[in-house]
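Data first, discussion second: the structure below is written as structure tokens.
Just so we're on the same page: letters track the sequence lines, and every chain starts at 1.
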Amino acid sequence: MSRIDALNRRYAASASLASHGVEIVAVGDPAGARLNGVTRKLMAVVREDGPGLWDDLVGAVKSLRWRLVTQPQPIALNWSLTNGAEQVAHQVRRLRGAVENDALLDELAAASALVSASDPPLGAVLLRSIGEVGSSDCVVVGANVAASAAMSEWLGELGVRVLTAGELERSHLAVGQSYVVGPPRFFRSSLVTAPVAASVSFVMPAWFRDRQIPQSPIAPYADGAICIKARVFTEGDLTEQESPIAEGDVAEDEFLPQPVWGTRQSPDREPSSEEVEARKLLLSGGLALWLDDGERIRALDPYQPVGERVMYVEVASVRPGTYLLLRQGVTEHRALYETVLSRLGDRRPALEASQAAWKHLLQGRINQMGARSVEKELTNSGVKATERARAWAQSNLVRPHSDHDFELLLQWLGLPIEPSSGNATLLRRTIYKVSAEIREQLETAVSAADLSALERDGRLSLDLQAVGFRGILATRVLAMSPHTEIVSRNDARLPFEDRQGQWLE
Amino acid sequence: MTATSGSRSVRLALSDTALKIGEPAPWIGPLLALGTRAARYMSRAQGRQLVVALSVPRRDYAAALVGCGWVMASNAPQLADPLETLRSLEPGTPLRVVNDYSVITGLFSWLNEKVSPPRVQFAGSIWHVDRIRALAVLPGLQSSEKTLRPQVGGVGRMAGLDREWDARLAAPAADLAIVGTLAWLQEDFDACICREGDGLPPTPIRDLLLPDTGRVATWFARIYASARFAEQLPLPSDVRAVILDGAGAIKYVAEIEAPIAICILDRSVADETAAEILMQLRNTRGEPLSIQRDLGWPAPTGVEALAFTVAL
């Protein structure tokens with residue numbers, strides 16, 4: 001099939017799903033419903049008590065619930081579910097005596113033991129559905145790498161292809177039907193708005209009540225918006241579906257495996273010159289990172305062609321799922337900056353002085369008036385990207401992107417445009433040049449690496465000894481803190497060991 | 001232009017190579033038409049930037065087709081007679097010359113009108129002036145280049161590009177930039193476009209768009225790799241429209257200062273960051289437009305589109 005044929009099929013499948021909708025098969029699962037009910041009780045208790053003591057138990061329970069929804073293979077082949085239940089049992093034992101909720105702990109232990117004692121009913125329905133279509137004309141889509149690998153062990157022997165949504169996209173398969181295991185909200189909208197197959201069915205437990213179909217982020221405002229409708233079919237044993245706590249008490253988001261972030265610990269003040277405001281990122285491989293709102297950060301897109309995989313991304317566009325390229329031991333920015341300054345030779349002192357002068361003035365205004373007032377005044381002066389004002393004052397961000405913004409900023413600070421503008425621009429140009437050289441070296445290292453390991457494990461060490469670097473680590477962002485903290489500038493952007501992400505991978 | 005009516009009258013078709021018969025599809029014409037509509041909107045821009053977000057099932061060909069539409073809407077330059085221009089030149093002036101076979105850039109050396117036909121030396125060679133079909137003075141030149149004279153093709157004729165084609169080659173508007181994954185864009189440019197059933201040979205997209213892929217004597221569109229774009233900002237100020245193809249390019253939308261920014265969102269990619277960035281821009285700084293009413297462009301089936309303007 002030619003590329004244009006495949007594309008035409010894709011447009012047609014998208015149109016077909018937009019007019020006919022998707023199918024949701026909601027399967028009765030009394031044991032799962034029971035675990036779901038107890039999980040809701042647990043969440044209510046945690047909301048009363050606050051996080052801390054309960055974190056590991058909550059993490060283990062959410063993880064088990066996730067596996068229950070995404071891995072329906074028979075128990076004999078379901079290591080994930082039995083292991084998840086053991087983890088819950090372990091955490092329950094840890095909390096015995098430490099909390100006063102023995103009845104709840106008993107219920108949790110019993111419910112988790114029950115789900116790991118019998119085959120998930122979802123599996124039988126999935127098998128039957130596959131049989132109706134024939135294994136050669138359908139594909140099963142798992143919610144993540146672990147789920148699809150586990151289902152593949154089970155269904156692979158029957159000749160059924162099991163893939164993640166990403167693998168399906170890259171597979172160039174031409175199939176008429178996809179069975180997606182898990183609720184629609186566990187998947188990105190691309191699965192239904194740019195479908196590979198013209199028919200999509202979601203197979204999920206009936207006790208999971210959120211059956212919303214995702215749509216593209218622009219759909220609410222777009223002409224020709226694609227809003228996929230669902231036809232819901234229920235089957236199996238639908239007793240014990242009502243959870244003891246009313247639906248809607250706790251948003252479904254809270255049940256998904258996610259870290260407990262708590263509240264901001266830092267005092268409400270401006271960071272000093274040795275500090276930065278930074279957001280904590282949890283990374284694959286038991287790592288974390290403080291990411292400040294400064295210069296762009298190096299990222300890797302393994303799905304781009306060779307030579308175009310290494311890129312810079314704005315801090316604001318880093319998301320869970322982004323692969324960051326991090327240097328071990330020293331930030332790329334510092335290494336880059338040192339090289340740049342050495343290249344500048346005689347011009348270095350004047351350049352450093354003019355950069356320090358306007359940044360010092362700006363920081364002084366921020367300290368004096370507060371960042372919000374500075375942003376407001378800059379907006380009144382016609383500056384566009386005022387939300388970056390605090391970042392501009394920092395030494396690790398060279399200058400505002402826009403010449404217009406920079407000139408207005410200098411005027412507002414009472415400085416002549418030159419030499420500050422010329423010097424900052426020269427510095428930026430030199431940084432771009434050195435950075436482009438580093439990029440090419442990284443591309444070379446990435447092109448030699450096995451990137452499938454990155455998708456499987458979420459991290460990959462790149463050996464750059466040959467090109468004069470210490471090790472570089474590619475690692476997936478798992479979660480991002482909703483709030484910032486004040487941290488030492490020296491700690492920002494350096495990966496460190498952290499176990500907060502253990503229930504996420 | 002007939003193509004703008006998309007599925008209503010003439011259907012356009014694409015093929016991987018000029019040797020294959022094109023496969024018609026209802027989305028090809030409208031994507032081309034969007035580029036044309038955006039170009040027409042330029043006169044109404046009034047100091048604001050038009051941002052169009054287009055979400056397609058897959059990114060393939062979308063940027064290239066929108067780019068073709070933009071190029072097809074551009075006005076032909078009015079060039080003076082080559083001999084008249086040559087008479088006014090100082091030695092060392094950079095030139096672009098079009099003859100029957102080639103487009104050549106180089107430095108002007110001398111003009112000799114004492115012989116018939118008059119001769120000119122530029123780019124290190126001597127040429128008959130009466131063989132020059134069009135000639136334009138360039139503001140600067142990095143290196144002398146010579147490429148085969150591109151053919152206008154059936155779709156170009158449909159848009160009337162054959163009129164003043166030589167002038168377009170000599171002094172192209174060259175006001176379009178496409179930012180995306182270079183390897184994929186190159187594959188898109190190799191595809192051919194034709195009108196369903198018109199019997200004419202298909203036109204390579206490359207010949208309509210004339211991308212600047214390095215070492216070419218003339219081009220209509222500048223091409224940038226998203227991965228290296230950070231190091232190439234800011235864009236030259238003569239760029240009037242930028243097509244940002246895919247998430248890697250759209251992340252730079254806030255740094256684009258051209259009057260038109262068209263963003264191709266690839267829905268087959270699960271990462272929704274690019275769409276979120278555009279929605280944030282629209283909701284914080286944008287004034288919404290109706291793409292159907294204000295641009296006169298109905299989105300074809302399978303395509304979501306929205307437009308807004310932001311202050312430049």
Side-chain angles (χ1 to χ4, degrees), chain A residues 2-8 10-15 18 165-166 169 187-191 193-196 216-226 296 301 303-314 316-319 321-322 384-385 401-404 431-433 435-436 439 443, chain B residues 14-16 20 22-23 25-27 53 55-58 60-61 181-184 187 191 225-234 247-248 251-252 254-255 257 265-279 282 285 288 290-292 298-306 311:
Chain A
S2 77
R3 196 166 152 237
I4 293 161
D5 265 332
L7 186 59
N8 277 339
R10 187 60 78 93
Y11 273 90
S14 176
E169 179 54 43
F187 297 84
R188 294 286 191 174
S189 63
S190 58
L191 194 65
T193 61
V196 170
S216 86
I218 74 165
Y221 307 97
D223 283 1
I226 296 173
R296 298 183 180 99
D301 184 347
Y303 307 121
Q304 293 287 308
V306 172
E308 301 186 63
R309 289 177 178 152
V310 176
M311 54 196 64
Y312 259 138
V313 295
E314 289 285 352
S317 61
V318 174
R319 294 283 195 286
T322 306
K384 264 179 19 182
H401 286 309
S402 146
D403 288 346
H404 186 68
I431 286 179
Y432 281 178
K433 194 163 182 307
S435 159
R439 206 196 81 79
E443 280 286 0
Chain B
L14 277 177
S15 58
D16 289 332
K20 281 195 195 161
E23 293 162 43
W27 47 270
S55 107
V56 291
R58 261 183 86 94
D60 301 36
Y61 308 108
T181 301
L182 222 49
W184 296 343
E187 282 182 33
S226 309
R228 300 185 191 92
F229 195 49
E231 289 109 23
Q232 290 169 309
L233 281 166
K251 286 171 186 167
Y252 294 99
E255 288 158 57
E257 294 183 341
L265 291 160
D266 183 341
R267 287 205 305 272
S268 73
V269 174
D271 180 4
E272 292 174 344
T273 317
E276 286 161 9
I277 288 171
L278 288 171
M279 290 318 300
R282 175 192 181 274
R285 288 176 43 206
S290 158
I291 201 157
Q292 179 147 15
T301 309
V303 176
E304 297 176 317
L306 65 82

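A distance of 11.5 Å separates CG of L14(B) from CG of D5(A), quoted to the nearest 0.5 Å. Here the CG atom belonging to L306(B) is positioned 4.5 Å from the CD1 atom belonging to I218(A), to the nearest 0.5 angstrom. If you take CG on D60(B) and CD1 on I4(A), they are separated by 9.0 Å, rounding to the nearest 0.5 Å. With values rounded to the nearest 0.5 angstrom, I226(A) atom CD1 is found 4.5 Å from E304(B) atom CD. Between atom OH of residue Y252(B) and atom CE of residue M311(A) there is a gap of 8.0 Å, rounded to the nearest 0.5 Å. Between atom OG of residue S189(A) and atom CZ of residue R267(B) there is a gap of 8.0 Å, rounded to the nearest 0.5 Å.
If you measure heavy-atom distances from E272(B) to chain A, the contacts under 4.5 Å come from both the backbone and the side chain. Neither the backbone nor the side chain of L278(B) comes within less than 4.5 Å of any heavy atom of chain A. Using a 4.5 Å cut-off between heavy atoms, A274(B) makes no contact with chain A at all. The contact between L265(B) and chain A is made entirely by side chain atoms (from C-beta outward), counting heavy-atom distances below 4.5 Å. Contact annotation for E187(B): both backbone and side-chain heavy atoms come within less than 4.5 Å of a heavy atom of chain A. Both the backbone and the side chain of A227(B) come within contact range of chain A, with heavy atoms under 4.5 Å apart.
With sequence neighbours excluded, no residue forms a side chain to side chain donor-acceptor pair (under 3.5 Å) with E308(A). With sequence neighbours left out, the side chain to side chain donor-acceptor pair (under 3.5 Å) criterion links S190(A) to no other residue.
Among the candidates R228(B), K251(B), E276(B), the residue making the largest number of heavy-atom pairs closer than 4.5 Å to chain A is R228(B). In terms of non-hydrogen atom pairs under 4.5 Å with chain A, the most contact-rich of Q232(B), E257(B), R282(B) is R282(B).
Between S2(A) and K20(B) there is a side-chain heavy-atom pair separated by less than 4.5 Å. At a threshold of 4.5 Å between non-hydrogen side-chain atoms, the residues R3(A) and R58(B) do not count as touching.
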